[in-house]
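Sequential numbering from 1 along the given sequence is applied to the chain's residues. Heavy-atom basis, side chains included; hydrogens, waters and symmetry copies ignored.
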Amino acid sequence: MLTSQNIIDKKKDFFFPNAMHFYQKPPHIVRGEGQYLFDDEGKRYVDFFAGVTVVNCGHCNSEINARVQEQLNKLQHTSIIYLTEPMVELAERLSTLLPGDINRTFFVNSGTEANEGALLLARMHTGRRGFIAFEGGLHGRSALTMSVTGIPMWRVDPFLDEHVHFAKGYMAFEDDLENQAMVSLESLKEILEAHGSEIAALIAEPILGNGGIHVPPDDFWKQVKTLCEDYGVLMIADEVQTGFGRCGEMFAVNHFGVVPDILTYAKALGNGTPIGGFSAREAVAKSFNKPSASTLGGNPVSMTAGLEVLNYIERHKLVEKSAELGAYLISELKKLSFSCIRDVRGLGLMVGLSLESPDQVDRVLEAMKDEGFIIGKNGLNRDTLAFQPPLVITKKNIDDMVNALKGTIERL
Ligand code: PMP
């Protein structure tokens, strides 16, 4: 078996130089089970990042995978242009779970592709070219989705689309949130007043993920939606990170009582099987009436995974669990009193803890990994620890992690 160093060397030799990894001494992960990962030496880690918020139902979930394997052995692929059952079953099921009257779906393979499709749909529906996005948002790696991404480090294309306007972000520590939200709304208003008639859609993460896990105030998205409506601008909610129970609701927009025109998702719907989709209200969806097809979008294996994920979430009450355990995790983290902790915030099991510097974050991540806990990081300055575990995590896992974190910060 390859060692960690072998893998690092091969990445250097055969990947593009953009490939990176967490940790100075990264483990070679060989197995996953529920909320746990195991390395090549048999060391167990509690996974508090879920493969970047993908495995909400836990690693290698046997209930889900039994049905996926069955489908894999029965019919792995035709294409969406042929008739298969799982794709229509999943689209129908989603229509019962998506907010409001969102009931039409186009399946793709990733979050990037879902957002690209949503942006395209908005242009087709409105006949307008421009977009509004928020500073701090992340929406993908394709030309258009990178153009609406508001995090400098992820905007590497030297020729990004110029028809994108950025409103001030809603990134703020809890005590400054209301104020920052007002600044954000004001800047959105200014953009709409100046360019509203050229804008097809506003795209936003209801709760900022990569930008540092920021939850805007309760009435924020309603105000955004109303402003957009005044100018005939569609609202796209990017729920690629926040969807399927992550934030203690099936979709994060439910917390804010707002129904977007288009909602995008990926990651957790497959629990590790590649999947993505964008869904829209009838009135908007009907504008996408020219032929279009994704070769692997609607693939029977991914669609079966999606259906079984939804079944599992429902059967095991993972949405409720996320709300409950998330509140517990936040309250436990808030009890830690260290001067280097700047802020703790989040909703459901999407929780961020900001330290004073990215260097502190890296040192804590490394030490916590050695203690057996995999934690993520994000934030515009990469100064935030990200806790987004599988929703099957236990209270004991949380207690153990918080204890280890306390010891780690004390030591460092
Ligand atoms: N939107 C959001 C909010 C994301 O967090 C990500 C990925 N981290 C994407 C879109 C892109 O998804 P993918 O990597 O599946 O293309």
Side-chain angles (χ1 to χ4, degrees), residues 99-100 102 115 118-119 122 126 128-139 145 147-152 155 161 163-242 247 249 251-264 281 284 342-343 345-347 350 352 354 378-381 384:
I102 297 179
N115 286 331
L119 295 167
T126 59
R128 301 172 180 180
R129 179 166 190 177
F131 296 110
I132 300 175
F134 284 96
E135 288 173 356
L138 183 147
H139 303 292
T145 59
S147 297
V148 292
T149 287
I151 301 182
R155 289 168 58 82
D161 194 292
H163 300 82
V164 179
H165 303 269
F166 283 96
K168 295 267 173 242
Y170 40 94
M171 292 86 69
F173 292 161
E174 264 189 347
D175 54 7
D176 191 36
L177 185 62
E178 292 288 337
N179 189 30
Q180 186 56 36
M182 255 163 46
V183 171
S184 190
L185 284 172
E186 268 317 305
S187 80
L188 173 61
K189 252 183 232 167
E190 278 169 26
I191 294 169
L192 285 167
E193 274 163 19
H195 308 281
S197 63
E198 307 146 29
I199 305 291
L202 169 139
I203 183 165
E205 295 171 76
I207 294 168
L208 214 53
N210 213 272
I213 310 195
H214 294 277
V215 187
D218 290 347
D219 61 347
F220 185 77
W221 292 119
K222 266 196 189 141
Q223 294 195 56
V224 168
K225 181 79 173 85
T226 306
L227 279 172
C228 286
E229 278 169 9
D230 290 346
Y231 290 86
V233 170
L234 298 178
M235 179 177 170
I236 303 170
D238 174 348
E239 296 247 14
V240 168
Q241 273 211 34
T242 50
C247 305
E249 284 278 354
F251 295 100
V253 287
N254 300 357
H255 279 292
F256 301 92
V258 75
V259 179
D261 299 287
I262 310 172
L263 191 146
T264 67
R281 295 188 290 112
V284 174
R342 308 279 308 279
D343 194 46
R345 54 189 183 270
L347 207 47
M350 181 153 177
S354 291
N378 56 31
L380 253 64
N381 305 318
T384 297

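Thr264 places none of its side-chain heavy atoms less than 4.5 Å from the side chain of Ile203. Val253 is not listed as a side-chain neighbour of Val259, based on a closest heavy-atom distance of 4.5 Å or more. Side-chain contact between Lys225 and Asp261: present, with at least one pair of heavy atoms (C-beta onward) separated by less than 4.5 Å. Inter-residue side-chain proximity for Glu186 and Val183 is flagged as unmet; no heavy-atom pair is nearer than 4.5 Å. Counting heavy atoms from C-beta on, the side chains of Cys247 and Asn254 never come closer than 4.5 Å. Between Phe131 and Leu119 the shortest side-chain heavy-atom distance falls below 4.5 Å.
A donor-acceptor pair shorter than 3.5 Å cannot be found between the side chains of Thr384 and Arg342. A donor and an acceptor atom, one from each side chain of Gln223 and Asp219, are located under 3.5 Å apart. Under the 3.5 Å distance criterion, with hydrogens and angles disregarded, no donor-acceptor pair is assigned to the side chains of Thr226 and Glu229.
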Intermediate values then yes/no, side-chain contact (heavy atoms from CB on, under 4.5 Å), Leu347 and Glu249:
CA-CA 9 Å; Leu347 207 47; Glu249 284 278 354; over 6 Å; no
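Salt-bridge formation is not detected for the pair Arg128/Glu198: no Lys NZ or Arg NE/NH1/NH2 atom is positioned less than 4.0 Å from an Asp or Glu carboxylate oxygen.
A centroid separation of less than 6.0 Å is found between the aromatic rings of Tyr170 and Phe134.
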